[in-house]
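So that the names make sense, note that chain A is the first sequence line, chain B the second, and so on, each numbered from 1.
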Amino acid sequence: MFLAAEGTGEVVLKSGWFLEHAYIIPVIPAIAFVLIMLFGKKLGWVVGHGSYFGIASMAASFVLSAGCVIQWIQRVNSATSGEGESALGRTISAVGRSLVPMAEGGETKAYISPVIKTFAWWQSGGTTFGIGSHADGLAIMLIFVVTLISTLVQIYSLEYVRGDRRFTHFFGALTLFSAGMLAMVLAENTIQLILGWEIMGLCSFMLIGHWWEERANSEAALKAFWTVRVGDIGLLVGVTMMYFGAKSFSIDAINEWALTNPTGTRVVFWTAMALLAAVIGKSGQFPLHTWLPDAMAGPTPVSSLLHSSTMVVAGVFLVARLYPVFWVGFSIADGGINPLVLIGGITILISGLLALVQVDIKKVLAYSTVGQLGYMIMGLGAGAWTPAVFHIFTHAFFKACLFLGAGSISHSASHHSFDMKKDMGGLWRKMPWTFATFLISTIALIGLPPFAGFFSKDEIIDNAGHNGYQAFMVIGLIGAFLTAAYMSRTMYLTFFGTARGASAGLHADPHDAHGAAPTMEPIEEYEADDAAHGHAHDTHGAHGGHDAHAGPHESPWLIVGPLVVLAFGAVFAGYLNAAPFGEKWLRFEKWAEPSAVGKTFPELSHAEFLWSKASISIGIVLAAVVIGLGLSKMVYERKFLFGLTRRNPVAGFVYRFLWNKYYLDWLYEKVIARGVAYPIARAAYWINQNVLDGVVNGAGKFSVGSGRWVYKWIDQRGVDGIVNGSGMTAKGAGSALRGTESGRIQQYASLLFGATAVAAIALVLYVQAK
Amino acid sequence: MLINEFLLLGAALFCIGVYGVLARRNGVMVLMSIELILNSVNINLLAFNLKHGGDVIGNVFALYVIAVAAAEVGVGLAIVLLIYRNRRSIALDELSQMKG
Amino acid sequence: MTHLTDQNWLLTAGIFIPLAGAVVMMFIPGVEEQLHKTIALVASVLTLGVGVWTTAAYKYGQEPGTLQFYVNTSWIPVIKSRYILGMDGVGLPLYLLSMAIVVLVIIYSWNHIPAPGNPKAFLALILLLEVGMNGTFVAQDLILFFVFFEIVLLPMYFMIGVWGGENRQYASLKFFLFTLFGSAFMLLGFLGLFFKTGATTFGIQELASAVQTIGISKSTQTLIFAGMFLGFAIKVPMFPFHTWLPDAHTQAPTQGSVLLAAILLKLGTFGFIRIGIPILPLGAKAWAPVIAILAVIGIIYGALGCLAQTDMKRLIAFSSVAHMGYVMLGISTLTSFGLNAAMFGMVAHGLITGMLFFVAGSVKERYHTLEIKRLSGMLKQMPHLGWIMGFCAMASLGLPGLAGFWGEFPAILSAYQPAEGLSLALFRTCMVIAAVGTVLAAGYLLWLYQRTAFGEPSAEFAGATAGHDAHGGHDAHGDHGVAVVGDHDDHGSDIHDVELPEWLAWTPLLIGIVVLGVWPHVMFKVLDPAVGFALQGVKAIGG
């Protein structure tokens, strides 16, 4: 496949301090976490109750990441610049098979090796486990995103959770999360990957359940942890299979093994299936997506950082990282259909429909996240590696911005409520900055040019069609329509129309949002029994430092600042890989896409950008926006079609079906979880107590019983019978000896011993006499 | 040959055991004393085995006694437990049902 | 093989210093409670000092199978049993763990002598227990091993029977008889081995080489292994011999539970690695599939048992069944990877579950109940205790970065590729089932944590919170804005946060959990060569 001109040693790829020492990046927040937990409370306001440690560590990591980005770009350039060309250790000519080769025309692309650092961690049974860093385009891109957004979210949180009763722990967990995520992204081997992966899971648990006094929050935290853990079975199994396949934990070695595939495709397929389970769990894909909307019970900065822009992309990252495993295992190159693309496609559709019926703004965004992750998975499944990874990049900006915007609204306008129908509306005038950033991010999300989402999402859809996944291209377009429709509805309900509830300055009972049960009175359209679907209120237990609410107003700069930075990203991030403007603009592809084709990365094909194709999707999105806004206005303002779901049984059924989230939660919680926790566990325990223990106790009872039987029948009736019989004759003599029969064992014993002693003495005398 | 020392040890243990059986009121203590007696027998067995050429028979006997002793303790404890259940006490001097 | 005999008095000292302590305590009247505690503490700390010295003097990089601090003198020449002690990589971690746990338990006992009191007897029994535990880990003679193995029984029997809960008589007798039953078969196995090989001593290494040179047939080995299996499996305990464990744990006093979980359970698994596998490779191989199946049954079954519990302590006890399942799965693979994982798992389980039992004991002391239903909001009433419990739960469910993971995941990993000649299909199925077990572990532990620690304190105990900062120096986490309910007099001040003796006893365990999690190499580097040696026999017979 490649014309290998082996000549190690002559590779003059640029490296640098930042790339060589990338492993420091996760270490900084890890140390900061320890500092926060140890000294955050003790030092008090001097260190912002620990928050300054967190922010400083994230800023430092960000600086290092930025250094890495610069040096990585230099490294790529050093390989592809004119003088680098001759000095290449390995040139790879991509001669296409049936597919159009990358970088049109079979031009050569240099092999840019990742910068790998490994330290021996431990040894067992002849295997050395390393820990270190594996810096390449993908990892560097993601650490840049993670450190940037972590920094912004922590700054935002300074204001947002000010005065919270567990302020210090909040920052501790956020910082630990960043450490885990960075460690996972930079993972040199699969063990380190699991390490980071699980630490993120733990932090997710801690942060979702941050306000654990309320049952709903702790339930959501547990659900998130369990659901992800179900997927993690696959991760453990997959890592095991890869280890024994590739005889190594190293990412590079595994990728090489999968591509060269010496053990047969079947093993690779099952490995990919196992890993897919982990991806589904972590990245909230169908059918394990149900934890992600519930995870919105956590504070909004958490939703923004963990459950939209960074942690949940870990699954996508896993696929991108071990892409050859999936590429070979699922024969992605063949087109048609495969598990990855199927899961992505289903997820896009179901999440889009669910988002349409939500009344909680964070849940809309959560389903939207599920859907966008679906796009990434679908893209990866359809061989569109670069667009999918690019979508991770752009999505992080606008989705984080949307969540922080929602938080800003709840913080300053809707009195900690996220209910769009009840407590929002008409806010655009009151919160201009929040509105502007939210609007920009929304447009970026629905994929209209010239904002970021267009350049990534449209490329995914385009490439899916290009690589022989036409059906999924259609699904992608439908998804785009749904996205645009529900986001228009959300925009309308939040910022336009008339102000309602808290946004109108009404809060009759100012403390109802702090109550244990969310006070959600069913509005016309939904059934009363839906009260179980509690809406997440950011209930700061004791937020003393909060200023009294004087109606809706713009948030302070600590909140607006991060919004603006992210909105900036939502506008411009797309230009890093702006396909419409020609090949020169495909910088992201050049920097991030591994060029080790045939060695540790499959050969990919890229669709050519055509405005004719793009205009279809733009048209669909625009139509959806018009329909979405129009319908929203009619339904919510003019009361047109109002109450349709109650009048029309079909519409009502569809609505109920969606409102109940396809009854998946019911299946998981009521049927599976309860089935295991109650009947099955009880049955097992019953067996334990009655069967196994029964054997033990039975044996004991049998021994005692047989003892009794022997005593009663043989000893008492048989032996004693004889004794009694003879005793009768001896009765006379016996009565004389009665005094000795005191019934006291010890007296008997002393008689026995005495008699024995006498006999012994007699014996000794007898022997001696002889 | 250390035969005498062994026998003396055995005799001492035996005497302690006998003392325990006769003097202690506590049923468990009596059981433990019986253990002592059995073990003194074991020591004697081993000692004589050593004297008579050191073949394995004596050892086997001793091990046999150990096994029997284990069983005996088990049964004994069970009995003591039953007594305790019935009488809320394991003081042996209060037991006089066998009085004829 | 040349064994190192430098400083070989160390092991004897490590075993018998506690005994000396116990003997000294015998001569002091029971009313001098403080004195008894001091003596017990001094004896155990001295022992630990010897243990640390041993560790410091331990020489790495020796030829596999080399025993260090080797003692070999005559003991009972009549039955050809010798007093052979020797330290290797398999024994060292557990030996040290046992010494450390005893010190911590005695510190904890400083103000936690369970009813009906009598610290003299209680502490003396703990010291006596230590004699047996320490001895088991360094004995290199089968009879000596057996003696130490059995010494352990009696103190534990009395600890449960005297200082236990309501149903203590039943539990202690069950424990005693169950284990004794197994030991009888184990002894039979030992004797069978001795007579079959015609060996001149009961020395473990000599027997191992004798078995190889004589070439005892597979069927005989299988039979002998069966006897040992019964003895060890009951002690572990493996499904279906585990039923004594929940009862014993539930009824035992806190200290008893901790010692039982942390050390006593390991005697069984340790026996497999020290005796079963090296001496009888063919037998081990024949039994490996059975062990693997029982191990995964134990994993799932223990987890299900946990989910059905209503009592916190009983739940933790059942979780031991599941965790020891992972250990046994690692052992059953007969690979050095699996055995390493098993050894690591033992130590990790000792630290984590020991810690969980400590926590359960403290909860019981404060709330006078362990009914999960009645507990709630512990994090609010006792933030430190709540956090510690959360930490232990996370460690127990196998979070990477904490000790539990390095026992669990490598065990699963090793099951993918067991030793040559073992059924791949079977072991891979076991691997997947064991992986499912990790989810169930997360299930019951977090469920327990949610119900006891999260939420608001239940009304029943809400008024009983005393001042959080009863002991200066540690400020309570996360109680800003929590109204401190209840006045500060004696009235209802049972529920208080972690006290000084508890901190002293727990901190080393917590640190140990983190250190082993972050730097597992400290243990693997000790284990690896020794485990490799234990498997030489298995490797020699090949497929």
Side-chain angles (χ1 to χ4, degrees), chain A residues 41-42 120-127 129 163-169 191 194-195 197-199 201-202 205 209 212-215 217-219 221-222 225-226 229-230 232-233 236-237 239-241 243-244 541-542 544 673 676-678 680-686 688 692-693 695-696 700, chain C residues 174 177-178 240 242-244 246 301 304-309 335-341 377 379-380 394 399-401 405-406 409-410 412-414 416-417 431-432 435-436 438-440 442-443 446-447 450 453-456 475 477-482 519-521 524-525 527-528 531-532:
Chain A
K41 279 244 172 75
K42 297 237 168 67
W121 191 9
W122 53 284
Q123 267 180 320
S124 168
T127 315
F129 291 72
D164 187 84
R165 70 175 82 99
R166 279 183 292 277
F167 184 82
T168 305
H169 288 114
I191 298 288
I194 294 180
L195 173 75
W197 182 282
E198 295 288 341
I199 289 177
L202 167 72
F205 171 77
W212 40 252
E213 283 86 349
E214 282 171 36
R215 183 88 179 171
N217 295 346
S218 61
E219 294 270 342
L222 255 69
F225 198 88
W226 284 340
R229 194 87 185 178
V230 168
D232 287 354
I233 300 172
L236 295 184
V237 173
V239 164
T240 306
M241 292 175 76
Y243 170 66
F244 285 104
V676 173
Y678 296 90
I680 297 179
R682 296 247 166 96
Y685 189 57
W686 184 87
N688 190 60
L692 294 179
D693 235 22
V695 171
V696 175
Chain C
K174 194 169 172 184
L177 291 180
F178 221 134
H242 65 274
T243 56
W244 63 267
Y301 184 88
L304 290 176
C306 284
L307 286 171
Q309 296 311 314
T335 58
S336 57
F337 209 87
L339 256 60
N340 275 338
L379 259 177
K380 202 155 186 175
M394 282 296 166
L399 193 81
F405 179 72
W406 300 117
F409 174 64
I412 295 173
L413 193 75
S414 66
Y416 188 80
Q417 195 82 55
M431 177 191 90
V432 175
V436 173
T438 62
V439 178
L440 292 176
L446 292 183
W447 177 72
Q450 184 207 15
F454 287 158
E456 299 287 342
D475 68 333
H477 290 261
D479 59 347
H480 288 293
V482 177
W519 199 245
H521 195 59
F524 281 117
K525 93 176 158 186
L527 294 177
D528 209 24
V531 161

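Of the listed residues (C/Leu339, C/Val436, C/Leu177, C/Ile412), the one with the most heavy-atom contacts under 4.5 Å to chain A is C/Val436. For the options A/Leu222, A/Ile199, A/Thr168, heavy-atom pairs under 4.5 Å to chain C are most numerous at A/Leu222. Between chain A and the options C/Glu456, C/Gln309, C/Lys525, the largest number of non-hydrogen pairs under 4.5 Å is found for C/Gln309. The most heavy-atom pairs under 4.5 Å with chain A, out of C/Gly401, C/Ser414, C/Gly443, come from C/Gly443. Counting heavy-atom pairs under 4.5 Å between each of C/Gly377, C/Pro520, C/Gly532 and chain A puts C/Pro520 at the top. Highest contact tally toward chain A, considering only C/Val439, C/Thr335, C/Leu446, is held by C/Leu446 [criterion: heavy-atom pairs under 4.5 Å].
Between C/Thr438 and A/Leu236 the shortest side-chain heavy-atom distance falls below 4.5 Å. Contact of the C/Phe409 side chain with the A/Ile191 side chain is registered, since non-hydrogen atoms from C-beta on lie closer than 4.5 Å.
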Practice prompt. Could you go through the side chain to side chain contact (heavy atoms under 4.5 Å, CB included) check for C/Phe524 and A/Trp121 one step at a time?
Written response: CA-CA 10 Å; C/Phe524 281 117; A/Trp121 191 9; over 6 Å; no
Apply side chain to side chain contact (heavy atoms under 4.5 Å, CB included) to residues A/Phe205 and C/Met394 and explain how you reach the verdict.
CA-CA 11 Å; A/Phe205 171 77; C/Met394 282 296 166; 3.5 Å; yes
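We find the CZ-CZ distance between A/Arg215 and C/Phe454 to be 11.0 Å, quoted to the nearest 0.5 Å. Here CH2 of A/Trp212 is found 4.5 Å from CG of C/Leu379. Values are rounded to the nearest 0.5 Å. Note that the CG atom of C/Leu527 and the CD atom of A/Gln123 stand 12.5 Å from one another [nearest 0.5 Å]. Distance check: A/Ile194 CD1 to C/Leu399 CG gives 11.5 Å after rounding to the nearest 0.5 Å.
Summarising the geometry of A/Ala120 relative to C/Trp519, their closest heavy-atom pair is O-CH2, 4.2 Å, with the distance given to 0.1 Å.
Proximity to chain A is absent for every atom of C/Trp244, based on heavy atoms less than 4.5 angstrom apart.
The ring-ring contact (aromatic ring centres under 6.0 Å, His included) test applied to C/Phe337 returns A/Phe129, not counting sequence neighbours. Partners of A/Tyr243 under the side-chain contact (heavy atoms from CB on, under 4.5 Å) rule, at least two apart in sequence or in another chain, are A/Thr127, A/Phe249, C/Leu413.
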